[in-house]
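What follows is a single structure, written as structure tokens, with notes after it.
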Amino acid sequence: KRNMAEGITTLNFPNVFLGGKDRALGELRVSDAGFAWRSKITSRMVTVAPDDLVGLSWAKIRGGHQLRAHVKGGSHIKFEGLRGDTHDALRKLCKSTLGHDLDTLDISAKGLSWGAAAVDGADIRFSVESKEAFSIPLSEVAQATIQQKNEVSLELHVADTLAPEDESVTEIRFTIPPKGAVDGHEEEADGTRAETAEAFLNEVTARADLAISGDAIAKLDDVPMAVPRGRYEIELFGAFLKLHGKTYDYKVMYSSVVNLYVLPKPDQYHVNVAVHLDPSIRQGATFYSFLLMQFPAEEELSVSVDLPDQVLREKYKGKLSKSVRGPSHEVIAQLLHGLTGKKINQPAPEFKAAGGAQAIRCALKADDGYLFGFDKAFLFVNKPTTLLPFDTLSAVEFKRVEKSAAGSAASKSFDMVVYRKSGESVTFSNIRRGEYSSLFHFLVAKKLRIKNIHKGASGLDLDNEVDAAEPDDLHMRRVKRDAEEAAALDDDDDDDDDDDDEESDEDFKAGDDSDVDEEYEEDDCSDDEEAAMKKSKGKKRGAPGKKAAGSGGEDESESESGEEDKPTKKAKASPKKKKAKAAKDPNAPKKPLTAFFAYSNDMRPTLKEEEPGLSVPEVGKALGERWKNEPAEVRAKYESAAAAAKTEYAAALKAYEAEKKAQFTHREDEDDDEEEEEEDAGSVVDDDDDE
């Protein structure tokens with residue numbers, strides 16, 4: 001895509017995997033602002049700014065091509081699943097806007113186990129014949145030891161993100177023989193190359209910071225957690241944290257932490273600390289994308305960090321100190337911030353409940369909880385903990401907020417439906433009406449599109465809102481204009497609806513057989529129960545009864561004497577039973593495939609070969625996108641074939657139904673003949689009896 005006004009060129013790739021152990025699927029955007037990858041499932045963002053970029057490489061791998069972005073510090077980020085025909089456009093863009101050429105990286109596919117191992121930046125690289133065979137990030141190394149004289153063993157971290165049936169590398173061993181064995185001679189007496197394995201081990205240990213990740217640097221006892229529920233002992237290590245509970249233990253890599261949130265609850269007695277994870281940890285079939293800890297607001301905590309002063313200065317750069325003291329929620333948030341490097345997010349100051357709290361009470365599905373508003377997202381806690389980034393939302397809609405509902409039970413609360421760009425929706429229900437004004441203003445301030453803005457603004461004084469706004473606040477003026485135009489259209493529709501109601505009321509007759517039956521029959525309850533029902537019915541009518549009494553005593557006397565009978569309540573109509581599904585006729589002609597399904601059958605093998613990691617829903621979505629982008633002549637070919645198949649199917653079905661009808665008619669004629677023969681035989685028997 002090209003913006004002609006600014007001269008900015010952008011490339012978008014819809015199905016790109018983020019390389020690594022979990023290999024998540026997302027969308028990649030390349031522009032003069034660098035690289036931006038977003039997960040399609042969790043909306044996790046991975047960005048590479050142009051200032052952090054030191055080089056780019058392109059490699060052919062299984063299932064497509066890989067773009068590798070080399071960043072400062074020696075590490076790199078892999079984007080996999082790119083098509084080969086995008087190389088030229090991508091190379092031209094990177095060279096013109098980012099200032100880096102796309103170098104070709106050769107990957108060894110021979111499968112040989114003999115090569116060269118070396119620590120290169122933030123990776124351990126194993127090469128065969130000067131071509132890279134594989135690489136291991138040093139951050140994934142949990143332990144490094146010498147098993148034998150020349151054998152180095154590397155144990156890798158295993159996070160609780162894998163299913164029981166998943167496979168993962170847990171250990172790899174490198175055999176590094178001495179120089180004499182390599183050259184074909186005996187080992188030199190002075191042992192010149194005998195320490196090669198030890199030198200490799202020392203380099204890995206120093207680069208991977210194993211000296212500080214072997215022992216826990218801080219411990220927290222008896223931490224109450226809402227997700228996963230229970231009390232856990234938390235051990236903080238250099239590269240991960242561990243949760244020890246009575247039943248289950250969890251291991252969370254710091255590389256899985258996306259964001260940190262501090263959530264003060266409206267009761268002012270508790271504060272939650274939420275840790276957003278991607279990928280999620282799991283226990284059996286249950287996934288946890290958030291760790292949710294809960295602390296008393298006034299509880300104090302003091303934690304000692306077991307790290308040398310030099311490491312605190314050089315590695316953590318002042319984000320951690322030897323001793324952390326303060327309220328419990330602040331201490332744990334500060335520790336996680338220092339170890340993970342992730343930002344601590346506080347609720348937006350402009351998001352306030354009616355009582356001044358920083359959260360609004362509502363329900364998601366059947367679970368009560370609290371909705372927090374941040375600068376870039378909504379967060380609902382605690383079950384299910386749900387994050388809704390604003391840039392993934394398409395619109396917001398209010399329900400049950402019209403003025404016509406005033407005075408009814410529904411007017412005490414309203415619902416808010418949040419629509420995602422993916423087509424899904426999330427409904428927050430039972431929000432107190434007193435929270436409506438502040439929530440509406442928050443959405444307007446964040447420039448989120450409100451679907452029924454005229455109804456949403458019906459309870460607000462938009463004239464005062466515009467006057468109070470800044471002179472150049474065009475968004476607020478657009479809100480008012482849209483609300484007024486939509487309200488005018490609704491008024492016209494309401495007039496038409498009133499006319500329709502008046503016409504339909506002429507045919508309505510109280511007590512008619514077509515009325516909907518009520519819940520009880522007269523015979524279903526005793527006299528006492530019937531009296532109680534009439535009494536409660538009179539209370540419910542209330543205001544109409546007073547109005548009749550004020551107009552005269554005639555109606556009152558009639559109601560007391562019982563001379564004027566009123567329609568009796570009938571039993572509530574029972575729900576209709578669902579009709580049984582008709583069984584399919586196995587002999588009937590089979591319906592033909594539509595144009596899209598015929599196209600999908602042809603393209604599915606090619607897609608699976610190009611992107612073997614896609615799941616079944618992802619394959620369907622990718623095929624739909626390809627179908628939309630196909631040229632008109634390709635689509636026309638499948639559509640014409642589908643139309644011809646449909647015509648053939650209609651003719652075959654018509655012939656089959658005619659044949660089936662003829663067989664049925666013939667069978668009926670045979671049955672009639674049999675009945676006539678039986679009747680004739682019966683009449684003969686009767687004649688014999690008479691004789």
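Please read these numbers as outputs of a predicted model, since none were measured by experiment. Throughout, numbering of the chain's residues begins at 1 and tracks the sequence.
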* Asked: If every non-hydrogen atom of Val258 is compared with every non-hydrogen atom of Leu277, which pair is closest and at what distance?
  -> CG2-C, 4.2 Å

* Asked: Are the aromatic ring centres of Phe200 and Phe174 under 6.0 angstrom apart?
  -> yes

* Do Lys451's NZ or CZ and the ring of Tyr419 fall within the cation-pi criteria of under 6.0 Å and 45°? -> yes

* Check: Val119 and Val204 side chains under 4.5 Å, non-hydrogen atoms -> yes

* To do: For Glu633 and Arg635, run salt bridge (charged side-chain N to carboxylate O under 4.0 Å, His left out): C-alpha distance rounded to whole Å, both residues' side-chain angles, the deciding distance at 0.1 Å, then the answer.
  => CA-CA 6 Å; Glu633 55 271 16; Arg635 294 167 62 97; over 6 Å; no

* Asked: Can you name the closest pair of heavy atoms from Leu201 and Val152 and give their distance?
  -> CD1-CG1, 4.1 Å

* To do: Heavy atoms only: give me the nearest Phe290-Ala274 pair and the separation to one decimal.
  => CD2-CB, 4.1 Å

* **Audit row: Val227, Val381, side chain to side chain contact (heavy atoms under 4.5 Å, CB included) steps and yes/no** => CA-CA 10 Å; Val227 180; Val381 295; over 6 Å; no

* To do: Please collect all salt bridge (Lys or Arg N to Asp or Glu O under 4.0 Å) contacts where either partner lies in residues 78-105, sequence neighbours excluded, each pair once.
  => Arg23-Glu80, Arg83-Asp85, Arg91-Asp101

* Residues forming a ring pair (Phe, Tyr, Trp, His ring centres under 6.0 Å) with His70, sequence neighbours excluded -> His76

* Asp602: partners by side chain to side chain donor-acceptor pair (under 3.5 Å), with sequence neighbours left out -> Tyr638

* Are side-chain N/O atoms of Ser153 and Glu171 paired as donor and acceptor at under 3.5 Å? -> yes

* Walk me through it: do Asp391 and Arg38 pass the test salt bridge (charged side-chain N to carboxylate O under 4.0 Å, His left out)? => CA-CA 11 Å; Asp391 56 358; Arg38 178 190 295 278; 2.5 Å; yes

* Face-on cation placement of Lys242 at Phe237 ring, 6.0 Å and 45° thresholds -> yes

* If we only count heavy atoms from C-beta on, is the Lys251 to Ile281 side-chain gap below 4.5 Å? -> no

* Asked: Does a salt bridge link Glu27 with Arg29, judged by any charged N lying under 4.0 Å from a carboxylate O?
  -> no

* **Pair Leu448-Val418, side chain to side chain contact (heavy atoms under 4.5 Å, CB included): steps then yes or no** => CA-CA 10 Å; Leu448 293 175; Val418 179; over 6 Å; no

* Pairs involving residues 618-632, ordered by first then second residue, that meet salt bridge (Lys or Arg N to Asp or Glu O under 4.0 Å) (sequence neighbours left out) -> Glu610-Arg626

* Nearest heavy-atom pair of Leu607 and Val619: which atoms, and what distance? -> CD2-O, 3.8 Å

* **Sidechain-backbone polar pair: Lys40 side chain, Ala24 backbone, donor-acceptor under 3.5 Å** => no

* Structure fact -> The complete set of side chain to side chain donor-acceptor pair (under 3.5 Å) pairs with one or both residues in residues 378-387, sequence neighbours excluded, reads none

* **Whether Tyr261 and Phe374 hold their rings parallel, tilted or perpendicular, with breakpoints at 30° and 60°** => perpendicular

* **Stepwise salt bridge (charged side-chain N to carboxylate O under 4.0 Å, His left out) test for Lys131 and Asp106** => CA-CA 6 Å; Lys131 296 181 180 180; Asp106 294 327; 5.3 Å; no

* Are side-chain heavy atoms of Ile344 and Val273 found at a separation under 4.5 Å? -> no

* Asked: Which atoms form the tightest heavy-atom contact between Leu393 and Lys421, and what is the distance?
  -> O-CE, 3.4 Å

* **Of all pairs that satisfy salt bridge (Lys or Arg N to Asp or Glu O under 4.0 Å), the ones with a partner from residues 46-75, not counting sequence neighbours** => Arg68-Glu132

* Asked: Under 4.5 Å between any side-chain heavy atoms of Lys591 and Tyr649, yes or no?
  -> yes

* Are any of the side-chain heavy atoms of Leu335 and Leu236 separated by less than 4.5 Å? -> yes

* To do: Indicate, with yes or no, if the rings of Phe390 and Phe378 have centres closer together than 6.0 Å.
  => yes

* Indicate yes or no: at least one non-hydrogen side-chain atom of Asp32 is less than 4.5 angstrom from one of Leu93. => no

* Asked: Within a strict 4.5 Å, meaning less than it, do heavy atoms of the Val417 and Val396 side chains meet?
  -> no

* Is it true that Asp375 and Lys446 have a side-chain N and a carboxylate O under 4.0 angstrom from each other? -> yes

* Evaluate the criterion side chain to side chain contact (heavy atoms under 4.5 Å, CB included) for residue pair Cys94 and Phe35; output intermediate values, then yes/no. => CA-CA 10 Å; Cys94 293; Phe35 296 88; 4.2 Å; yes

* **Any Leu593 side-chain heavy atom under 4.5 Å of Asn601 side chain** => yes

* To do: Provide the closest heavy-atom pair for Leu154 versus Ala144 in the form atom of the first, atom of the second, distance.
  => CD2-CB, 3.6 Å

